[in-house]
2 protein chains.
Amino acid sequence: MHRAVLAVTKPPIPDPRRTLTLRDVSEASGVSEMTVSRVLRNRGDVSEATREKVLEAARSLGYVPNKIAGALASQRVNLVGVIIPSLSNMVFPEVMTGISEVLEDTGLQPVVGVTNYSPDREESVLYEMLSWRPSGVIIAGLEHTEAAQAMLAQAGIPIVEIMDIDGTPVDSAVGISHRRAGRKMAEAIIAAGYRNIAFLGTMMPYDHRARKRLEGFEEALAKAGLALVDREFYSGGSALLKGREMTEAVLTRSPQVDFLYYSNDMIGAGGLLYCLHKGIDVPGRIGLAGFNGVELLDGLPRKLATMDACRLEIGRRAAEIIAGKRPNGVVGGEVIELFPTLQKGDTIRD
Amino acid sequence: MHRAVLAVTKPPIPDPRRTLTLRDVSEASGVSEMTVSRVLRNRGDVSEATREKVLEAARSLGYVPNKIAGALASQRVNLVGVIIPSLSNMVFPEVMTGISEVLEDTGLQPVVGVTNYSPDREESVLYEMLSWRPSGVIIAGLEHTEAAQAMLAQAGIPIVEIMDIDGTPVDSAVGISHRRAGRKMAEAIIAAGYRNIAFLGTMMPYDHRARKRLEGFEEALAKAGLALVDREFYSGGSALLKGREMTEAVLTRSPQVDFLYYSNDMIGAGGLLYCLHKGIDVPGRIGLAGFNGVELLDGLPRKLATMDACRLEIGRRAAEIIAGKRPNGVVGGEVIELFPTLQKGDTIRD
DNA sequence: ACTTTGGCTGTTACCGCTAACATATCGCAT
DNA sequence: ATGCGATATGTTAGCGGTAACAGCCAAAGT
């Protein structure tokens, strides 16, 4: 009834607060909705005169196209889901930078989801994202819940698992081998003559990459007939402060320790500041190393030994895969391994 | 033609890679699409038996609802646009945490856009976001391009401008007065007896909040008959390192300086490390202060004076406004001022 | 003059889901 | 039985765009 009336008598006072549609622009400019659509998307041939007219109308009305409708009709969504564990350490923002850089001129747009290292949260974030039918998904790590794995496999879009390649990806993967990274660091430390080595790191049960680094590290120690002398874990709080506290704890408990291997640069920096403050000879009496190569370290009084995680490059490569910028083997399923370089800094003796 | 055929003969071998729709679940479970829809959204009465049947079917098929279609049909989108300048300093991630916390149990989901402090980029990010018809927008700062202002005003959804309240918001605002913050810091510094004060900060022409802090700061200096003795700006690079370098530059150029006011904690920390390294008496010979209250500072050898920017709280309050969790004055247009507290730390003498 | 061509614009039928309403079903008081 | 309310399920008509195709018309070809 209501509608029937409407169909005959146009609503005389169109609610000014109602959101605009193509029809409004179409009426304002005297062409069909289709033509307006074409103008606004720069698609198909439209005469210059019409184009001007339409753009002017759209501008003056303040029309913002409805991508929801557009996406539904065209079955195309210019969104790329990016699922990462955290934003509060320096590592993922840098990955994001790499992703954005590449996506910038592809018309694709990253949408970030944060999981706080929780597999369940990851699963639900993923579900939420997939329900918006993105053009691709970039997700940190190779470990996911079974359901998440299934969703990724079923999604029918390119999936890139990033950061880590020690495992089997669902589709494509870009990252480094954390096991190898741990191993290499251990080898360098041993080569420098340190023998009483301690590990200090996060306790988070789901930080698989830190775990793998430690595994690789211990593996290499074992091969040299060594074992960790001590270990200390933390969770939450200011990483810099934790590094300081843990270092004190370890050095008090195990005075024979001559090397401290940290699972990330931030706690490593805390440890370094502590040692310097205590007047400990670094790297003579004690050596230190972290992981990541965060920019922050450049400002420290002494450069912490670390290993670059190739974060920017990982972001770039992952985005390139999603954007289809590569020798198209339609199947996907590409694994790109990057190789971090060891930076000895000033905290491992030569 | 093609379609006519389809209408009669169901496609016999449904492409296994085609994405599933409600219809698939409906057929698999023998009820109407509408009932499936109801089950999956927990809306309306559905018998327990049917519910089970449907959920089982959906699960076994691996069905993921299409929110695009859902949003279009229901005219409801559970997304909140969050537009911020950067992710690579600690401040916005913390705001995000506050936002996520509150949104968590409202069914709303934050979607982040990053502008890199570029007004044009902000405008286009905003346009992009609005085209997805979010339920609300949280955007950093009060300064936007004219077009962006217009879009925000027209959008017909709650808008919250955050971080800053020195200006006129489009709708609601949650933040602190950076002018007042600068003023208060100056007053504390003067009260402590420092007289030869230098400013070290970012050069970014669009960091309006840093600018306002400096304005407030100088205002208070002027009131006490003082003026900045020196100033130094930077852009890009590792903030910690820049802080170190700038500090060296200033102290070399203006040896009479007895206080260094930094526009953020990160460069302040760099300056502090430099001074300690040089054996300068802090806060006796030279005092230092930053801004933000970042967690990082807890790990420093000495606590830098700073002023908390209430980031977490800002995020929370903004999200609450969007979520409608407050004495509903439908009009919106609420301004919430938060008051940062001065933390003198160990770098301003008593 | 009569097609042909190609540029420009309009028409139609959906995209996958949900609001609103219609209908069926059942138990139970009357 | 009859009617009624409450519960459970189905039907219809879009949401606001776009793909695909159809139509129109002036310039060009023969």
Side-chain angles (χ1 to χ4, degrees), chain A residues 1-7 14 18-54 57-58 61 63-78 107 130-133 156, chain B residues 1-7 11 14-15 18-27 29-54 57-58 61 63-78 130-133 156:
Chain A
M1 200 103 310
H2 172 56
R3 258 185 294 276
V5 173
L6 269 189
R18 184 182 54 86
T19 62
L20 275 37
T21 74
L22 265 194
R23 157 160 250 110
D24 295 293
V25 182
S26 134
E27 281 168 1
S29 55
V31 300
S32 73
E33 298 176 36
M34 195 60 228
T35 300
V36 176
S37 169
R38 281 196 268 255
V39 170
L40 296 177
R41 283 177 304 146
N42 272 308
R43 196 85 28 111
D45 301 313
V46 180
S47 74
E48 194 49 40
T50 312
R51 163 180 257 62
E52 286 301 335
K53 215 169 33 177
V54 169
L61 288 175
Y63 172 72
V64 177
N66 185 332
K67 288 223 174 179
I68 296 177
L72 183 59
S74 67
Q75 302 287 305
R76 244 179 283 114
V77 181
N78 68 337
L130 288 181
S131 73
W132 286 99
R133 300 288 187 265
Chain B
M1 198 104 311
H2 172 57
R3 256 184 297 274
V5 173
L6 268 191
D15 180 357
R18 183 182 54 86
T19 62
L20 276 37
T21 73
L22 264 194
R23 158 161 248 108
D24 296 294
V25 182
S26 132
E27 282 168 359
S29 54
V31 299
S32 73
E33 298 177 36
M34 195 59 227
T35 300
V36 176
S37 168
R38 281 196 268 253
V39 170
L40 296 178
R41 285 178 302 145
N42 271 310
R43 195 97 13 128
D45 300 316
V46 180
S47 74
E48 193 49 39
T50 313
R51 165 183 255 63
E52 286 301 335
K53 214 168 36 175
V54 169
L61 289 174
Y63 172 72
V64 178
N66 185 332
K67 288 223 174 177
I68 296 177
L72 183 59
S74 67
Q75 302 287 317
R76 243 178 283 115
V77 181
N78 68 336
L130 289 180
S131 73
W132 287 100
R133 302 286 187 266

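By convention in this document, chain letters (A, B, ...) are assigned in the order of the sequence lines, proteins followed by strands, and residues within each chain are numbered from 1.
Between B:Val46 and B:Ala69, the residue anchored closer to the 5' end of DNA chain D is B:Val46, taking for each the nucleotide with the nearest heavy atom.
Rounded to an integer number of Å, the gap from CZ of A:Arg23 to P of D:dG17 is 11 Å. Rounded to whole Å, the distance from CD on A:Glu33 to P on C:dG10 is 11 Å. Separating the CG atom of B:Leu22 from the P atom of D:dC15 is a distance of 19 Å, rounded to the nearest angstrom. Summarising the geometry, the separation between CZ on B:Arg38 and C1' on C:dA22 is reported as 11 Å, rounded to the nearest angstrom. Distance, B:Asp45 CG to C:dT25 C1': 14 Å, rounded to whole Å. Rounded to an integer number of Å, the gap from CZ of B:Arg43 to C1' of C:dA20 is 14 Å. Taking atom CH2 on B:Trp132 and atom P on D:dG16, their separation rounds to 15 Å, with Å as the unit. Atom-to-atom, NZ of A:Lys53 to P of C:dC8 comes out at 13 Å; the value is rounded to the nearest Å.
Closest approach to the B:Leu72 side chain among D:dC15, C:dT9, D:dG10 is made by D:dC15 (side chain taken as heavy atoms from C-beta onward). When distances run from any side-chain atom of B:Ser74 to the nucleotides D:dA20, C:dA19, D:dT9, the shortest one goes to C:dA19. Considering only side-chain atoms of A:Asn66, the nucleotide from D:dT9, C:dT18, D:dG17 that sits closest is D:dG17. Closest contact between the side chain of A:Met34 and the listed nucleotides C:dT11, C:dC15, D:dT11 involves C:dT11.
Close to D:dT18, at under 4.0 Å from its OP1 or OP2, lies a side-chain N or O of A:Arg41. Checking the phosphate oxygens (OP1, OP2) of C:dT9, a side-chain nitrogen or oxygen of A:Ser47 falls inside 4.0 Å. Between B:Thr21 and C:dC15, a side-chain N or O to OP1/OP2 separation shorter than 4.0 Å is absent. Contact annotation: B:Gln75 side-chain N/O to C:dC17 OP1/OP2 distance is not under 4.0 Å. Distances shown here put every side-chain N or O of A:Ser32 at or beyond 4.0 Å from the OP1 or OP2 atom of C:dT9. Checking the phosphate oxygens (OP1, OP2) of C:dC17, a side-chain nitrogen or oxygen of B:Tyr63 falls inside 4.0 Å. In this structure, B:Thr35 reaches the D:dG10 phosphate: one of its side-chain N or O atoms is under 4.0 Å from OP1 or OP2.
Across all strands, A:Arg76 comes closer than 4.0 Å only to sugar-phosphate atoms, never to a base (heavy-atom distances).
Side chains of B:Val25 and B:Leu20 form no contact here, defined as non-hydrogen atoms less than 4.5 Å apart. Residues B:Gln75 and A:Ile68 form no side-chain contact, since every pair of their non-hydrogen atoms from C-beta on lies 4.5 Å or further apart.
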Worked check of side chain to side chain contact (heavy atoms under 4.5 Å, CB included) between B:Val64 and A:Arg133: CA-CA 9 Å; B:Val64 178; A:Arg133 300 288 187 265; 3.8 Å; yes

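We find the CD-CD distance between A:Glu33 and A:Glu27 to be 8.0 Å, quoted to the nearest 0.5 Å. The distance from atom OG of B:Ser47 to atom CD of B:Glu52, rounded to the nearest 0.5 Å, is 9.5 Å.
A donor-acceptor pair under 3.5 Å is absent between the side-chain atoms of B:Ser131 and the main chain of A:Asn66, judged by distance alone.
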